[in-house]
S.K.: 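Pasting a structure below so you can have a look.
Below, chain A is the first sequence line, B the second, and so on; all start at residue 1.
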2 protein chains.
Amino acid sequence: MPRPISQSRTDLVDNALAAFWNVGFQAISMGDLVQETGVSRGSIYSDFKGKRELFHACLARYQEVAVTPKFARVEAEGAKLSEIKQFLEDGIASQESFDGPMRGCLVVNTLAQLDPADKETKQYLDFHTTRLTNGFRTVFERENALTGALSDQDVIALAEFTTTSVLGLWSISRKITDADEMRRYADMLMSLISAKLGVECPT
Amino acid sequence: MPRPISQSRTDLVDNALAAFWNVGFQAISMGDLVQETGVSRGSIYSDFKGKRELFHACLARYQEVAVTPKFARVEAEGAKLSEIKQFLEDGIASQESFDGPMRGCLVVNTLAQLDPADKETKQYLDFHTTRLTNGFRTVFERENALTGALSDQDVIALAEFTTTSVLGLWSISRKITDADEMRRYADMLMSLISAKLGVECPT
DNA sequence: CTTGTAATGGAACGATCATTCCAATACAAG
DNA sequence: CTTGTATTGGAATGATCGTTCCATTACAAG
């Protein structure tokens, strides 16, 4: 039965995002995508040039539906270390409650199978890491303004470190079944950052 | 010309390891593997049941040729924080001098595209992370014996954190072109660990 | 109702994949 | 030289892949 209910194309991207996230870009086929999204081959190819372009749309959408809801509080005016702690807890809780395989972070997963020649995909990954680092840095600058414990360079280095370290959390999350191990990681990260900044560790 | 010089099968695994590491398990084909290793299809399939089993042999070999040469000093009797610092610097220098695309760490790459149902491959990844955590933990215990700053639980948590954090370094290394950024990360990690343990940061 | 549009299900295509198979052949052992 | 074995290059297989194409059809606009 062709032409059922005309559905917004947001559905396509949202469902494709879930599929890419759960299974991986390389591992999932266009046939799978047709089934998972409920959108026909013809429609997918009329909206996107191919699998890769659809994936790019999903990477952009990932920021909206997965990153922003959790990270916006860190980017908010006046955010402090407790907002970073909450960001980590949100991510862990979200992974914990997700009914399915450990999917980790789409950006981290993509990073690991990125074709070095694929500059276009790389830009989406750069955006993500830059976003995290900027968010962390602004918070660290705000905290550091009170104590002046760190130089500007050190604040930036601490922000870059935090981003890298968080990527590690999502990397290893794909084989971790115990969310408490992730919480121990988050507590330790907060403890180390607080000590470096010379402020109280949020509880 | 069939049957040239009989080469040890170590060549097969070593060259296959390089191929898996550079290109990735999913992205590389058996045809590529035949070309990269110089071993015929028939021989590969007579030595290994298939692509997956060959990959497992490569994951095991990875420990010998990539991990042990760098991490053994951390696992050595009497190793201290300076050995961990050297381990990080070794990895960064190795990535820096490698002539080719940023390959990162084979274990981290595999983690990101691991089929959750593939318990067999998962064991090789578990081995790696356990190895790192144990190595870090032993060093931290040795350092902590001097100051007694941390509880046994905290020492373990710090070791787990360090492992996770290092995985993050190798994850992001695949898109980093500037080795100095990795060095800043390593310095910050050493600084944070030293502070937590209450000992001098190795220089 | 008529027309135009948008989306359908599914066939078709050429490429590539992992795997199997085998006749041909080089070398070691006798 | 003869035999046995290990390895070869390459054909063959059956499956799956991304992509293209299209007749069909539901719905909105007139």
S.K.: Verify whether one side chain among T162(A) and R137(A) offers a donor that lies under 3.5 Å from an acceptor in the other.
M.R.: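 Checked: T162(A)/R137(A) side chains show no N/O donor-acceptor pair below 3.5 Å.
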S.K.: Measure CZ/R52(A) against C1'/dT19(D) and give the value in whole Å, please.
M.R.: 15 Å
S.K.: Return no unless some side-chain N or O of S43(B) is found under 4.0 Å from OP1 or OP2 of dT7(D).
M.R.: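 For dT7(D), OP1/OP2 do not have a side-chain N/O of S43(B) under 4.0 Å.
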S.K.: So, E75(B) and R131(B), do they make that salt bridge, N to O below 4.0 Å?
M.R.: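 So E75(B) pairs with R131(B) through a salt bridge.
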S.K.: Roughly how far, to the nearest 0.5 Å, is NZ of K175(A) from CG of L111(B)?
M.R.: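 Nearest 0.5 Å value for the CG-NZ distance: 7.0 Å.
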S.K.: Measure CG/L33(A) against P/dG9(C) and give the value in whole Å, please.
M.R.: 15 Å
S.K.: Look for any protein N or O under 3.5 Å of an N or O in nucleotides 16-18 of chain C and output each such pair with its distance, or none.
M.R.:
from	atom 1	to	atom 2	distance (Å)
dA18(C)	OP1	I28(B)	O	3.3
dA18(C)	OP1	K51(B)	NZ	2.7
dA18(C)	OP2	M30(B)	N	2.6

S.K.: In plain terms, say whether E83(B) and K70(B) are close enough for a salt bridge, that is, a side-chain N and a carboxylate O under 4.0 Å apart.
M.R.: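 Result for this pair is no, no salt bridge flagged.
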S.K.: Would the Y62(A) and F127(A) ring centres measure less than 6.0 Å apart?
M.R.: no
S.K.: What integer distance in Å separates I44(A):CD1 from dC21(D):C1'?
M.R.: 15 Å
S.K.: Nearest-Å distance, CG (D47(B)) to C1' (dT5(D))?
M.R.: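 Those two atoms, CG and C1', are 14 Å apart.
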S.K.: Run the numbers on S165(B) and Y185(B) for side chain to side chain donor-acceptor pair (under 3.5 Å), then give the verdict.
M.R.: CA-CA 10 Å; S165(B) 195; Y185(B) 162 90; 2.9 Å; yes
S.K.: Roughly how many Å is it from CD in E53(A) to P in dT19(D), rounded to a whole number?
M.R.: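 From E53(A) CD to dT19(D) P: 10 Å.
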S.K.: What is the distance, rounded to the nearest whole Å, between atom CG of L12(B) and atom P of dA6(D)?
M.R.: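 L12(B) atom CG is separated from dA6(D) atom P by 16 Å.
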